[in-house]
Amino acid sequence: MIKVAICDDDIATTGKIEDMLCRIAKRNFIPIETEVFWEGEHLSEAVESMDNFDVIFLDIEMGQADGITVARKIRETDKNVLIIYVTSHESYMQESFSVRPFRFLVKPVEEKQIAGCLEAAYEEISSADSYFRYSYQRLNCKIPVRDILYFESKRRKVYIVTEKETFEFYGKLNEIEESLRASKGIFLRIHQSFLINYKHIKGLAYDFAVMDNEERLSISEDRRKLISKQYCAMEDTFYVGM
């Protein structure tokens with residue numbers, strides 16, 4: 001079951017989006033459960049109380065709590081929920097990237113655009129439980145790919161860094177990079193020693209990346225232009241036009 005939240009201070013808009021989602025889900029055999037919010041504060045409170053959603057359709061231009069403020073609050077509790085912004089103004093796109101939107105829809109929203117978003121979200125969620133598997137000290141281990149912040153190579157060992165723990169094993173970063181191409185996660189090779197998860201990049205400068213755990217990882221000089229190009233290309237994929 002895919003849990004979808006719709007948040008907009010316009011009742012007609014939430015009703016329209018909910019109707020379209022139900023039709024699209026039925027047509028594509030996607031099991032969904034929808035919940036409507038007319039105030040951003042109520043949505044963020046629901047998330048804080050562990051009412052976990054898989055997808056959130058969130059209006060940017062709301063009353064006291066705008067969509068970007070609400071999304072930042074949500075990200076404090078849930079870093080994995082897919083946020084789809086719905087707005088009347090494209091000018092908010094750049095600011096919205098700080099909370100990693102999954103898609104960006106411009107009003108008036110049509111069923112074709114909603115369908116593309118829901119189908120892409122369903123595919124993303126369905127593959128979210130992919131694991132990275134490795135062996136260490138005769139144990140076969142696995143970690144959800146979405147929990148990995150980055151891989152770091154030191155001498156013959158590779159360290160897997162998550163927000164809670166760090167794991168280690170013997171391996172080669174080149175081979176890990178190749179094996180991850182088959183997963184839905186997006187990893188960037190910013191340095192000979194670092195392979196980082198795009199979803200956990202908090203900020204990107206010309207010569208370093210800031211991860212969700214506040215660590216700054218160096219981008220090697222020979223990779224800076226490529227990383228900048230790749231990062232910008234991925235940011236562009238968030239936009240869904242008319």
Side-chain angles (χ1 to χ4, degrees), residues 1-89 92-93 95-130 144 146-147 184 199-200 212 237-242:
M1 179 67 69
I2 305 298
K3 291 190 66 177
V4 180
I6 306 162
C7 185
D8 195 304
D9 57 4
D10 182 73
I11 296 176
T13 298
T14 57
K16 180 181 178 182
I17 291 176
E18 186 175 30
D19 287 345
M20 288 191 291
L21 283 170
C22 291
R23 285 198 300 270
I24 295 160
K26 184 177 181 180
R27 190 164 63 237
N28 292 277
F29 304 100
I30 299 174
I32 68 167
E33 176 184 313
T34 59
E35 188 168 349
V36 171
F37 297 85
W38 294 299
E39 293 184 22
E41 296 95 332
H42 293 168
L43 171 61
S44 60
E45 287 168 4
V47 174
E48 286 174 20
S49 65
M50 304 308 291
D51 191 355
N52 295 320
F53 297 102
D54 299 298
V55 184
I56 296 174
F57 285 83
L58 181 59
D59 181 35
I60 291 184
E61 304 101 1
M62 289 189 289
Q64 294 181 345
D66 65 89
I68 294 174
T69 301
V70 172
R72 285 179 181 145
K73 192 70 176 174
I74 289 170
R75 283 287 183 240
E76 293 176 7
T77 304
D78 191 336
K79 290 185 169 62
N80 295 313
V81 62
L82 303 181
I83 297 175
I84 298 172
Y85 271 127
V86 185
T87 181
S88 301
H89 303 287
Y92 288 101
M93 286 176 60
E95 187 180 358
S96 73
F97 288 151
S98 64
V99 289
R100 300 189 200 91
F102 180 69
R103 290 290 191 275
F104 197 101
L105 293 171
V106 178
K107 295 179 180 179
V109 178
E110 301 297 331
E111 191 160 324
K112 182 178 179 181
Q113 280 75 45
I114 292 285
C117 285
L118 182 61
E119 290 163 15
Y122 183 61
E123 182 181 354
E124 179 81 6
I125 293 161
S126 299
S127 63
D129 290 327
S130 59
R146 68 179 181 181
D147 290 346
K184 293 294 181 180
K199 286 190 175 181
H200 289 289
D212 280 341
T237 63
F238 288 141
Y239 176 68
V240 179
M242 294 303 299

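- For Arg103 and Glu124, the salt-bridge test fails: no basic side-chain N is under 4.0 Å from an acidic carboxylate O.
- For the pair Val47 and Lys73, the minimum side-chain heavy-atom distance is 4.5 Å or more.
- Judged by distance alone, with hydrogens and angles left aside, the side-chain atoms of Asn28 form a donor-acceptor pair with the main-chain N or O of Ile24 at under 3.5 Å.
- Partners of Asp212 under the salt bridge (charged side-chain N to carboxylate O under 4.0 Å, His left out) rule, at least two apart in sequence or in another chain, are Arg100.
- With hydrogens and angles disregarded, a donor-acceptor distance shorter than 3.5 Å links the side chain of Tyr85 to the backbone of Gly67.
- A salt bridge links Asp8 with Lys107; the closest basic N to acidic carboxylate O contact falls under 4.0 Å.
- Residues Met62 and Asp10 are not in side-chain contact: their nearest non-hydrogen atoms beyond the backbone lie 4.5 Å or more apart.
- In this structure, Leu43 and Leu58 approach most closely via the heavy-atom pair CD2-CD1, 4.0 Å.
- For Glu35, the side chain to side chain donor-acceptor pair (under 3.5 Å) test picks out no residue, with sequence neighbours left out.
- Rounded to the nearest 0.5 angstrom, Glu33 CD and Cys22 SG are separated by 10.5 Å.
- Here the CG atom belonging to Asp59 is positioned 12.0 Å from the CD1 atom belonging to Ile6, to the nearest 0.5 angstrom.
- Evaluation of the side chain to side chain donor-acceptor pair (under 3.5 Å) rule for Thr34 yields Glu18 as partners, not counting sequence neighbours.
- A side-chain donor-acceptor contact under 3.5 Å links Lys16 to the backbone of Val109.
- A heavy-atom distance below 4.5 Å is not found between the side chains of Phe37 and Ser44.
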